[in-house]
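Note that ligands are numbered from 1 as they come in the structure, with each ligand's atoms numbered from 1 the same way. All values derive from a computational prediction rather than experimental measurement.
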Amino acid sequence: MNDAVRAGITALGVYAPPKVVSNADLEQIMDTSDEWITSRTGIRRRHVAADDEFTSDLAFRAVEDLLRRHGDHALNGVDMVIVATNTPDALFPATAALVQERFKLRAGAFDLLAACPGWIYAIGAAKAFVESGQCRKVLAIGAEALTKVVDWDDRSTAVLFGDGAGATVVERVPEPYGIKSMVLGADGGGAHHLHMRSVGRCLPNGTPLGKYMAMNGREVFKFAVRVMDTATVQAVAEAGLVPDDISLFVPHQANLRIIDAARERLRLPPERVVVTVDEYGNNSTASIPLAIAHALDAGRVDAGDNLLVVSFGAGLTWAAAVITWGPWAEARRA
Ligand code: COA
């Protein structure tokens, strides 16, 4: 990398739909219990998009929140829009093109599909665009309407997921800020552990693809614990840091037990970890930006803080990064 140019996140906005479904609500519609869900996952409620609210709507709202927090100028000069999502409104056009039109940006636009780590992949792509000089400013969004693709008759998946969106601006930042490391990985050998059909009929190994999300929870759990460990260690080392330099650990919010295992491997105290899975469940690509926003709003992020983000998901994929937050951290919800 050219030492003179480093990309960082300079603005952030989030949205979670107002409709909340609690574990007690789920007890009314399926054979489950608050006790089971809470003890196995840490999830207490999830935010669910309205029937007529889709991924593009959630993305628009997150960008509107970004504009509220950072001012109308925040999108000036955006020349690329990336929407990381597993639930685009349509296979084409890209949801990113809908965002481009909604905010009248003079920008390229594409969607990125890398499962739950999609937002980290998106800021990774944005970092490469900015540091290579290809783009000046990238709007990188994670937006998800996952509750529309879960099988509400399958208690083993339906209780886990929620909806939401997070929007970030990535552009050149001065030293010592910015995205210091970026670890992106995949193992398609585990594709059969988490999948959903688009236009295909089955995976290369013959696993049939269905209309709804299908998951082998135990295998994904084992994979998640392993990869959260290796990817975070690698991201911290590649940033030239040690775990104790991490001010805030912001992991993908899928399961509290997975988060706790990763935190323990890093030997970080609980106060250095952001947990929002109790409130949102797993909203995939939106989970990390939403968690960062919570930390910002609670005054837990200061300029110069090293944030460690990590995620895992279908593919199987994983991603981790260290981001040194800038003085724009004070831009909080009014
Ligand atoms: N309510 C009550 N019981 C449930 C249930 C629910 N919502 N879902 C499953 N069960 C039952 C199962 O039927 C099973 O019953 P059995 O023992 O009689 O067969 C029992 O609970 C145990 O299931 P098991 O799969 O062993 O539970 P677990 O401890 O592995 O927890 C997950 C299940 C899904 C919570 C856990 O595996 C997990 O979090 N995996 C990772 C998933 C993930 O993060 N996915 C997103 C990737 S981005």
Side-chain angles (χ1 to χ4, degrees), residues 21-46 48 84-87 112-122 142-164 166 184-188 190-196 212-229 231-232 250-263 275-278 280-291 309-320:
V21 175
S22 69
N23 293 348
D25 295 331
L26 292 180
E27 284 176 355
Q28 306 305 312
I29 58 169
M30 64 181 75
D31 180 18
T32 191
S33 66
D34 175 48
E35 197 282 321
W36 191 95
I37 301 170
T38 310
S39 63
R40 303 281 176 131
T41 71
I43 299 168
R44 295 183 182 280
R45 59 191 79 83
R46 67 283 296 142
V48 174
T85 183
N86 305 286
T87 49
L112 184 159
L113 200 160
C116 296
W119 177 77
I120 303 180
Y121 268 76
E144 218 65 74
L146 271 178
T147 62
K148 306 211 186 273
V149 300
V150 293
D151 179 356
W152 286 94
D153 290 328
D154 174 9
R155 66 178 182 172
S156 69
T157 52
V159 303
L160 303 176
F161 297 96
D163 302 325
L184 304 174
D187 174 11
H192 54 290
H193 294 316
L194 185 48
H195 50 82
M196 198 187 97
Y212 297 113
M213 177 198 307
M215 179 176 72
N216 180 338
R218 273 189 206 175
E219 285 303 320
V220 174
F221 190 99
K222 282 191 276 182
F223 155 73
V225 170
R226 190 175 69 245
V227 86
M228 295 271 271
D229 178 29
T232 51
V250 193
H252 177 42
Q253 305 288 319
N255 184 312
L256 189 56
R257 290 188 291 150
I258 296 173
I259 294 171
D260 280 342
R263 178 183 64 73
V275 175
T276 55
V277 68
D278 52 333
Y280 297 113
N282 178 352
N283 51 27
S284 192
T285 56
S287 98
I288 292 176
L290 261 164
V309 296
V310 63
S311 187
F312 61 90
L316 300 164
T317 58
W318 61 91

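- In this structure, atom 24 (P) of ligand 1 has a protein heavy-atom contact shorter than 4.0 Å.
- Looking at Q253 and V275, their side chains come closer than 4.5 Å, going by heavy atoms from C-beta outward.
- The closest protein non-hydrogen atom to atom 35 (C) of ligand 1 is T41 CG2, 3.6 Å.
- In this structure, D163 and N283 have side chains that are not in contact, with every pair of non-hydrogen atoms separated by 4.5 Å or more.
- If you check which protein heavy atom lies closest to atom 45 (N) of ligand 1, you get M215 SD, 3.2 Å.
- Between T32 and ligand 1, an N or O atom pair is found at a separation short of 3.5 Å.
- Considering only heavy atoms from C-beta on, D187 comes within 4.5 Å of W318 through its side chain.
- At the shortest separation from atom 29 (O) of ligand 1 among protein heavy atoms lies R40 NH1, 2.7 Å.
- Close approach of ligand 1 to A254 (heavy-atom distance below 4.0 Å) involves ligand atoms 44 (O).
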Please test I43 against V277 for side chain to side chain contact (heavy atoms under 4.5 Å, CB included), starting from the C-alpha separation and ending with a verdict.
-> CA-CA 6 Å; I43 299 168; V277 68; 3.7 Å; yes
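- Ranking the protein heavy atoms by distance from atom 34 (C) of ligand 1 puts L160 CD1, 4.0 Å first.
- Ranking the protein heavy atoms by distance from atom 46 (C) of ligand 1 puts N282 ND2, 3.4 Å first.
- Crowding of R44 atom CZ: a count of heavy atoms from other residues, nucleotides or ligands under 6.0 Å not exceeding 12.
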Going through the distances and angles, do N23 and V159 end up as a side chain to side chain contact (heavy atoms under 4.5 Å, CB included)?
-> CA-CA 8 Å; N23 293 348; V159 303; 5.9 Å; no
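- Residue V159 approaches ligand 1 through these ligand atoms, each under 4.0 Å from one of its heavy atoms: 7 (N).
- Here the protein heavy atom with the shortest distance to atom 36 (C) of ligand 1 is F221 CD1, 4.0 Å.
- In terms of polar-atom proximity, defined here as any N/O pair under 3.5 Å, H252 makes no such contact with ligand 1.
- Within the 4.0 Å cut-off (strictly below), no protein heavy atom is located near atom 17 (O) of ligand 1.
- Of all protein heavy atoms, the one closest to atom 13 (O) of ligand 1 is R155 NH2, 3.1 Å.
- With a 4.0 Å cut-off on non-hydrogen atoms, R257 touches ligand 1 through its side chain and not its backbone.
- When heavy-atom distances to ligand 1 are checked against a 4.0 Å cut-off, W36 comes that close only through its side chain, counted from C-beta outward.
- Inclusion of G217 in the set of residues having an N or O under 3.5 Å from an N or O of ligand 1 is warranted.
- C116 SG, 3.0 Å is the protein heavy atom nearest to atom 48 (S) of ligand 1.
- Side-chain contact annotation: H192 with N216, donor-acceptor N/O pair under 3.5 Å absent.
- An N or O contact shorter than 3.5 Å links R218 to ligand 1 by distance.
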